[in-house]
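Notes to accompany the following structure.
In what follows, residues are counted from 1 in the order of the sequence shown.
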Amino acid sequence: MKKITFTSSIEVYSKTSELKDDDASLLQVAREAVAHAYAPYSQFKVGAAVLLENGLTIPGNNQENAAFPLCLCAERVALFAAASQYPNVTVKAIAISAKSHNQTLDRPVTPCGSCRQAIYESEFRGKSPIRLILQGETGEIYCIDSVKDILPLTFNADFL
Ligand code: THU
């Protein structure tokens, strides 16, 4: 028997003033995008912002539906909006923030499994790691150099 061990690393910052300028501005766009989320069913509003290699920032937020399975997460709304307008431009980073109706989110919100896979598809497509910048409403900020750090044993087109 042999064992495979995963190592991943997350930078933890206690306030936004500690962030690099690029990370701080992208997080600010994600925070602003929270306000425009359409989340009447969960009352859980998520904002995301994608930074492209050409310097453009594309916001997104969760879009819900009375037919619940149709709900789309903020991360995928932002990523797909970016890819639909700039299909050949590499994604460099994505920031995510959220606001809950039930609690003050004082810890970072981490992307769901489906969004991790979608972010990974963009990494694979752009052949470049995507940095993640995560914060709740308040509290610590997590920065992660690649989605692979939170998605071990990734599935990609090489298997097809
Ligand atoms: N949601 C996101 O937008 N991103 C995540 O990473 C987690 C969940 C949305 C989906 C749904 O509209 C609401 O949050 C509650 O799950």
Side-chain angles (χ1 to χ4, degrees), residues 5-39 42-64 71-83 85-86 89-154 156:
T5 306
F6 300 109
T7 50
S8 57
S9 107
I10 298 181
E11 301 158 26
V12 181
Y13 299 92
S14 52
K15 43 185 185 301
T16 40
S17 57
E18 293 173 2
L19 295 177
K20 290 188 297 178
D21 286 352
D22 274 4
D23 290 348
S25 359
L26 196 63
L27 182 58
Q28 184 52 33
V29 177
R31 294 177 64 91
E32 286 163 14
V34 170
H36 304 300
Y38 177 65
S42 71
Q43 306 278 336
F44 186 78
K45 296 184 167 194
V46 185
V50 166
L51 175 67
L52 297 177
E53 199 172 31
N54 62 10
L56 290 175
T57 296
I58 313 292
N61 36 46
N62 52 331
Q63 299 294 321
E64 298 190 343
C71 295
L72 258 191
C73 292
E75 295 90 325
R76 276 174 284 164
V77 170
L79 278 173
F80 296 162
Q85 296 170 84
Y86 306 98
V89 183
T90 301
V91 175
K92 300 305 290 179
I94 183 167
I96 303 156
S97 185
K99 188 173 164 56
S100 167
H101 184 66
N102 298 320
Q103 58 175 312
T104 302
L105 291 172
D106 57 3
R107 60 197 184 284
V109 171
T110 47
C112 76
S114 298
C115 287
R116 291 178 202 205
Q117 180 67 24
I119 296 166
Y120 179 61
E121 182 75 21
S122 296
E123 274 202 10
F124 191 79
R125 184 177 180 180
K127 297 182 178 56
S128 173
I130 296 178
R131 183 169 169 83
L132 282 83
I133 302 115
L134 316 173
Q135 190 185 31
E137 253 185 281
T138 61
E140 287 179 335
I141 301 129
Y142 289 174
C143 293
I144 303 168
D145 274 336
S146 162
V147 73
K148 285 188 199 165
D149 278 329
I150 54 168
L151 187 70
L153 293 179
T154 47
N156 63 44

Checklist entry - Got a second to check how far Q63's CD is from N61's CG, nearest 0.5 Å? => result 5.0 Å
Next on the checklist: I'd like to check the side-chain hydrogen bond (donor to acceptor under 3.5 Å, both in side chains) partners of S42; sequence neighbours left out, ordered by chain and number.
Outcome noted: E64
Next on the checklist: Under the rule for side chain to side chain contact (heavy atoms under 4.5 Å, CB included), what residues qualify as partners of S25, not counting sequence neighbours?
Outcome noted: none
Item to check | S97 side chain to Q135 backbone, donor-acceptor under 3.5 Å | outcome: yes
Item to check | Least distance between heavy atoms, K45 atom then A39 atom | outcome: CG-CB, 4.2 Å
Next on the checklist: List the residues meeting side-chain hydrogen bond (donor to acceptor under 3.5 Å, both in side chains) with K148, not counting sequence neighbours, and say none if there are none.
Outcome noted: none
Checklist entry - Does some side-chain heavy atom of I150 sit less than 4.5 Å from a side-chain heavy atom of L132? => result yes
Checklist entry - So with a 6.0 Å cut-off around CG of D21, is the heavy-atom count from everything else above 12? => result no
Checklist entry - Taking only residues at least two apart or on different chains, which pairs with a member in residues 134-144 satisfy salt bridge (charged side-chain N to carboxylate O under 4.0 Å, His left out)? => result K99-E137
Item to check | Any I130 side-chain heavy atom under 4.5 Å of V147 side chain | outcome: no
Item to check | With sequence neighbours excluded, residues passing side chain to side chain contact (heavy atoms under 4.5 Å, CB included) with A81 | outcome: I58, Q85
Checklist entry - If you look only at pairs with a residue in residues 116-136, which of them pass as a salt bridge (charged side-chain N to carboxylate O under 4.0 Å, His left out), with sequence neighbours excluded? => result E11-R131, D23-R131, R131-D145
Checklist entry - Taking side chain as C-beta onward, heavy atoms only, is L151 less than 4.5 Å from Q117? => result yes
Checklist entry - Do L105 and F44 have side chains that get closer than 4.5 Å, going by heavy atoms? => result yes
